[in-house]
Amino acid sequence: ADIAMYRAKDLGRDTAIFYVSEMNARAEQRMHLENDLRFALKNNEFVLYYQPQYSVRDGRIKSAEALLRWIRADGTCVEPDEFIPLLEETGMIHEVGAWIIEEACRQLVKWHKAGHDTLRISVNLSSLQLKDKRIAQLILSMIAKYRVPAHRLELEITESMLVRHGQGVEETFEQLIKSGIRLAVDDFGTGYSSLSYLHRLSINALKIDRSFIEQIPGNANSEAIARAIVGLGKSLGLTLIAEGVENRQQCAFVRELGVDYVQGYLISKPLSARAFRKLLDGHPQDNPLPFMCTDKVLVNG
Ligand code: C2E
Ligand code: MG
Ligand code: MG
C-alpha cells in the first residue's frame, strides 16, 4: 500500500493507484540508488563539470556553468537528470548542494589566480535549496571564505521555481542581490510563465531554453518565441544567454537577435576542470573564437 501511495504521489497526487508486483522492483531499485548516492557523497564520487558561455560580441569565454556529475567507482558517469530528483526527495540535496557551491567557489578562485580573473561561474540551485532560509548565509559565507568577488558568481534558478516560491524567497533574493551576486532564470519560457517576478525580483539574466534553440532557424514559432524573449529581456535591461547552441546557423541567428552569450555543443560540451583550464589557456583574451566574430549572419536561413 505504501508503494502504491508513493506511485500515486509521483503522478501528481489526486489519483488512485492499485499495487502491482512490478512496483516492488521499482522500489527496490530506488532503495539501491539511494544507498549508492549516500556512498557517493561519502566517497567523493560527485564532481563538477564546466561548460563555457561565450560572448557573441568578442568570442571570449565569459563564464563557466558548473554541472554536477556522478563518477561511479567503475568509471561510469551518471548525468544529473538521473539522480538529482532522488537527491531532492531524500533531502540529500542540501548537503550535496552546499558542496557544489563550495567546490565552484574553490575552482573559480583557482582559475582567477591563474590569470583568468574576469571569469564568472554559474551554479544551479535546486528549488529545495532555495526554500531553505539559511541558503543566502551559506552562499555568502562561501564567497567570503574563498574571496570570490560577488559579481563573479551567478545563481541559476528555473522559472517554475520562481513562480512556485516567488513570494517566500524574496528575502533570500534581497540578501543575495545586495551582496552583488547575480541571478539568472534558467530554462526561460518553459515554466508557467507568470512574468510578474521579473519586475518584483532583481534578475540579471535570462537563459533561453534549449527547446526553442533546437528548432531555429526554420521553425517559425520557435523563432518568434526566441525573438520575443530577447525583446522582453532587452527592454528590461537583462543579459540574454542562449542554451543548447549546436550549430553555426543557430549561433548566427541568436547573435543577430541580440543575445549576449551562447552556450552549447557547438563550442564545447561540459568539461572536467582540467580540460576547462586547457580551453581557457588556449583562448586568451586576444584569441577569441574566430567564427563568433566573422561568420555571415544567417537570420533568414
Ligand atoms: P541546465 O541547468 O539547463 O543545464 C544545461 C544542460 O544542457 C546540461 O545538461 C548540459 O550538458 C546540456 N547542454 C548544454 N549544451 C547542450 C547542447 O548544445 N545540446 C544538448 N542536447 N544539451 C546541451 P546536464 O549537465 O545533464 O544537466 C541537466 C540539468 O540538471 C541541468 O539543466 C540542471 O537543471 C540540473 N543540474 C545540473 N547540475 C546541477 C547542480 O549542480 N545543481 C542542481 N540543483 N541542478 C543541476
Ligand atoms: Mg543551468
Ligand atoms: Mg537550462
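Note that the coordinates shown come from a computational prediction; the quantities given were computed from them, not determined experimentally.
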Calculate, to the nearest 0.5 Å, the distance between atoms [atom1] and [atom2] belonging to [X] and [Y] respectively.
{"X": "Lys178", "Y": "Gln175", "atom1": "NZ", "atom2": "CD", "answer": "7.0 Å"}
{"X": "Arg60", "Y": "Leu119", "atom1": "CZ", "atom2": "CG", "answer": "13.5 Å"}
{"X": "Leu206", "Y": "Leu232", "atom1": "CG", "atom2": "CG", "answer": "6.5 Å"}
{"X": "Tyr50", "Y": "Leu108", "atom1": "OH", "atom2": "CG", "answer": "9.0 Å"}
{"X": "Leu153", "Y": "Ile181", "atom1": "CG", "atom2": "CD1", "answer": "5.0 Å"}
{"X": "Leu87", "Y": "His94", "atom1": "CG", "atom2": "NE2", "answer": "11.0 Å"}

Inspect the contact between [Y] and [X] and indicate whether a charged nitrogen and a carboxylate oxygen are less than 4.0 angstrom apart.
{"X": "Lys145", "Y": "Glu102", "result": "yes"}
{"X": "Lys207", "Y": "Glu243", "result": "yes"}
{"X": "Glu89", "Y": "Arg30", "result": "yes"}
{"X": "Glu45", "Y": "Arg72", "result": "no"}
{"X": "Asp260", "Y": "Arg255", "result": "no"}

Does NZ or CZ of Lys269 lie under 6.0 Å from the centre of the six-membered ring of Tyr265, at an angle within 45° of the ring axis?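 Ring-cation test returns yes.
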
Aromatic rings Trp70 and Phe83: how do their planes relate, parallel, tilted or perpendicular, breaks at 30° and 60°? perpendicular

Just by modelled atom types, is the Arg210 backbone N or O under 3.5 Å from a matching donor or acceptor in the Glu214 side chain? no

Using atom types as modelled and distance alone, determine if a side-chain donor or acceptor of Glu223 lies under 3.5 Å from a backbone N or O of Gly218.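 Judged by distance alone, yes, a pair lies under 3.5 Å.
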
Would you say that Met92 contacts Leu86 through its side chain, given a criterion of any heavy-atom pair below 4.5 Å between the two side chains?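 The answer is no, as the side chains (C-beta and beyond) never meet within the 4.5 Å cut-off.
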
Does the side chain of Ile121 come within less than 4.5 Å of Glu154's, by heavy atoms?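 No, every pair of side-chain atoms sits at 4.5 Å or beyond.
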
Membership question, hydrophobic clusters at under 4.5 Å side-chain separation (ILVMFWY): are [Y] and [X] in the same one?
{"X": "Leu155", "Y": "Leu240", "result": "yes"}
{"X": "Leu238", "Y": "Tyr261", "result": "no"}
{"X": "Ile267", "Y": "Ile241", "result": "no"}
{"X": "Leu266", "Y": "Ile208", "result": "yes"}
{"X": "Ile157", "Y": "Ile143", "result": "yes"}

Would you say [Y] and [X] are linked by a side-chain donor-acceptor pair, where the criterion is simply a distance under 3.5 Å?
{"X": "Tyr19", "Y": "Asn24", "result": "yes"}
{"X": "Ser126", "Y": "Glu88", "result": "yes"}
{"X": "Thr190", "Y": "Asp187", "result": "no"}
{"X": "Glu65", "Y": "Gln51", "result": "no"}

A quick test of your reading: do over 12 heavy atoms of other residues, nucleotides or ligands sit less than 6.0 Å from OH of Tyr146?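 Yes, OH of Tyr146 has more than 12 neighbouring heavy atoms, counting only those of other groups under 6.0 Å.
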
Can you confirm whether Asn35 is buried at CG, in the sense that more than 12 heavy atoms of other residues, nucleotides or ligands lie under 6.0 Å from that atom? yes

